[in-house]
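Throughout, residue positions are numbered sequentially from 1 according to the sequence presented.
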Amino acid sequence: MFAFVVGFQHYYFVKQPETVGVANFREVAADPLTLTAFGNTFYYVGLVLLLTFIMPIFISILLMEMSRRTIAG
């Protein structure tokens, strides 16, 4: 909730914040690096999901399908 409120303010650590309305959001929308940041974020999320969710499930399915004789060596 605090982050939502701060999004509409110019926040300072040493003095009172001043309300700027949607100016912060307009500035972010106008920045050409915003799309790059979103692209990088989705790329990172995809890699994390692949490495921490999909790949372990795939490996566990492979291990479950192996015979006990193959696993024991």
Consider only side-chain heavy atoms of I, L, V, M, F, W and Y, link residues closer than 4.5 Å, and tell whether [X] and [Y] are in one cluster.
X   : Y   : answer
F42 : L51 : no
L62 : I54 : no
I57 : L50 : yes

So, taking the atom named CD in E27 and the one named OG1 in T34, what distance separates them when rounded to the nearest 0.5 Å? 9.5 Å
Less than 3.5 Å apart, which donor and acceptor atoms pair up between the side chains of residues 11-23 and the rest of the protein, not counting sequence neighbours?
none

Mark yes when over 12 heavy atoms from residues, nucleotides or ligands other than F25 sit less than 6.0 Å from its CZ; otherwise mark no.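 Check passes, neighbour count above 12.
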Taking side-chain contact (heavy atoms from CB on, under 4.5 Å) as the criterion, tell me which of T41, L47, V45 meets it with Y43.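 The option that passes is L47.
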Side-chain donor or acceptor of N24 paired with backbone N/O of H10 under 3.5 Å: no
